Amino acid sequence: MAKSKLLEMHNIGIVVESLDSAISFFEEIGLTLEGRMVVEGEWAGRVTGLGNQKAEIAMMVTPDGHTRLELSRFLSPKTIADHRTAPVNSLGYLRIMFRVDNLDELLSRLTKFSAELVGEVVNFQNIYRLCYIRGVEGILIGLAEQMGSQTTTDILENE
């Protein structure tokens with residue numbers, strides 16, 4: 001049997017309380033709503049291990065069409081844990097990083113969603129301007145504005 005190979009990263013999932021607010025927030029960053037539906041029943045619970053479940057999901061897609069963000073609001077069973085305010089050095093999922101073309105302008109727009117800068121905007125080796133924000137529902141988001149043509153991959157390949 002041939003060894004399986006990775007084809008692509010399809011999506012990242014985030015559970016939220018308000019699907020509408022999360023959709024609006026990620027649309028402001030630049031993602032597009034690809035679809036929205038209710039997923040329920042025993043078959044879904046077999047995948048997640050939650051048993052009979054019901055969740056409303058929204059699939060957001062990046063402008064290049066390659067990466068998706070699946071936002072879920074569980075109707076049943078109810079969510080049982082909340083790690084949205086965990087600091088960046090906590091174990092497990094912590095943040096999503098997006099590359100943007102005008103960091104300062106985006107930050108000013110995201111304030112209407114109560115987004116807050118976690119630390120400060122920093123210059124990483126004149127390659128990126130980087131920051132973390134707490135966005136909708138306290139979700140940790142990384143934002144990076146490329147400053148020139150060089151990328152982090154270029155640095156890693158030259159070491």
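Just so we're clear, the structure is a prediction, and the values are computed from it rather than from any experiment.
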Connected via hydrophobic side-chain network under 4.5 Å: Leu103 and Leu117:
yes
With heavy-atom distances below 4.5 Å as the criterion, would you say the side chains of Asn123 and Leu130 are in contact?
no
Residue pair Thr48 / Gln53, side-chain donor-acceptor N/O under 3.5 Å:
yes
Please check if the side chain of Ser108 supplies one atom and the backbone of Glu105 the other of a donor-acceptor pair under 3.5 Å.
yes
Main-chain N/O of Gly148 paired with Gln146 side-chain donor or acceptor, under 3.5 Å
yes
Would Ile96 and Ile23 show up in the same hydrophobic cluster when neighbours are defined by side-chain heavy atoms closer than 4.5 Å?
yes
Nearest 0.5 Å, please: how far is CG in Leu50 from OG in Ser76?
9.5 Å
Does the pair Arg134/Glu116 count as a salt bridge with the N-to-O cut at 4.0 Å?
no
Are Leu140 and Ile133 close enough that some pair of their side-chain heavy atoms sits under 4.5 Å apart?
no
Closest non-hydrogen contact found for Leu19 with Ser72 is CD1-N, 4.2 Å
According to a hydrophobic-cluster definition based on side-chain heavy atoms being under 4.5 Å apart (Ile, Leu, Val, Met, Phe, Trp, Tyr only), do Leu75 and Ile57 belong together?
no
Within this structure, what is the CZ-OG1 distance for the pair Arg99 and Thr62, rounded to the nearest 0.5 Å?
11.0 Å
Is the side chain of Thr111 donor-acceptor paired with the backbone N or O of Ser114 at a distance under 3.5 Å, no angle test?
no
Glu70 side chain vs Ile14 backbone, donor-acceptor pair below 3.5 Å
no
Nearest-0.5 Å distance, CD1 of residue Ile141 to SG of residue Cys131
10.5 Å
Side-chain heavy-atom pair Arg73, Ser18 within 4.5 angstrom cut-off:
no
Taking only distance into account, with no hydrogens and no angle test, what donor-acceptor pairs under 3.5 Å do side-chain atoms of residues 33-42 form with protein atoms, sequence neighbours excluded?
unit_1	atom_1	unit_2	atom_2	d
Glu34	OE1	Arg68	NE	2.8
Glu34	OE2	Arg68	NE	3.3
Glu34	OE2	Arg68	NH2	3.1
Arg36	NE	Glu56	OE2	2.9
Arg36	NH1	Asp20	OD1	2.7
Arg36	NH2	Asp20	OD1	3.0
Arg36	NH2	Glu56	OE2	3.1
Glu42	OE1	Arg46	NH1	2.9
Glu42	OE2	Arg46	NH1	3.2

How far does NZ of Lys112 sit from CZ of Phe25, to the nearest 0.5 angstrom?
11.5 Å
Taking C-beta and beyond as the side chain, do Asp82 and Thr79 meet within less than 4.5 Å on heavy atoms?
no
So do the side chains of Leu31 and Val61 get within less than 4.5 Å of each other, counting heavy atoms only?
no
Assigning hydrophobic clusters by single linkage (Ile, Leu, Val, Met, Phe, Trp, Tyr; side-chain heavy-atom cutoff under 4.5 Å), is Val15 placed with Phe113?
no
Distance check, rounded to the nearest 0.5 Å: Glu145 atom CD versus Ile127 atom CD1?
14.0 Å
Drop me the distance from Tyr132's OH to Glu120's CD, to the nearest 0.5 angstrom.
13.5 Å
For side-chain contact (heavy atoms from CB on, under 4.5 Å), just list the numbers for Asn11 and Leu69, CA-CA rounded to whole Å, side-chain angles, deciding distance to a tenth of an Å, and then say yes or no.
CA-CA 5 Å; Asn11 73 62; Leu69 177 63; over 6 Å; no
Measuring only between side-chain heavy atoms, which start at C-beta, is Asp104 closer than 4.5 Å to Asn102?
yes
Indicate, with yes or no, if Val16 and Phe98 share a hydrophobic cluster defined by side-chain heavy-atom contacts under 4.5 Å among Ile, Leu, Val, Met, Phe, Trp and Tyr.
yes
In the structure I gave you, are the side-chain heavy atoms of Arg129 and Val122 within less than 4.5 Å of one another anywhere?
no
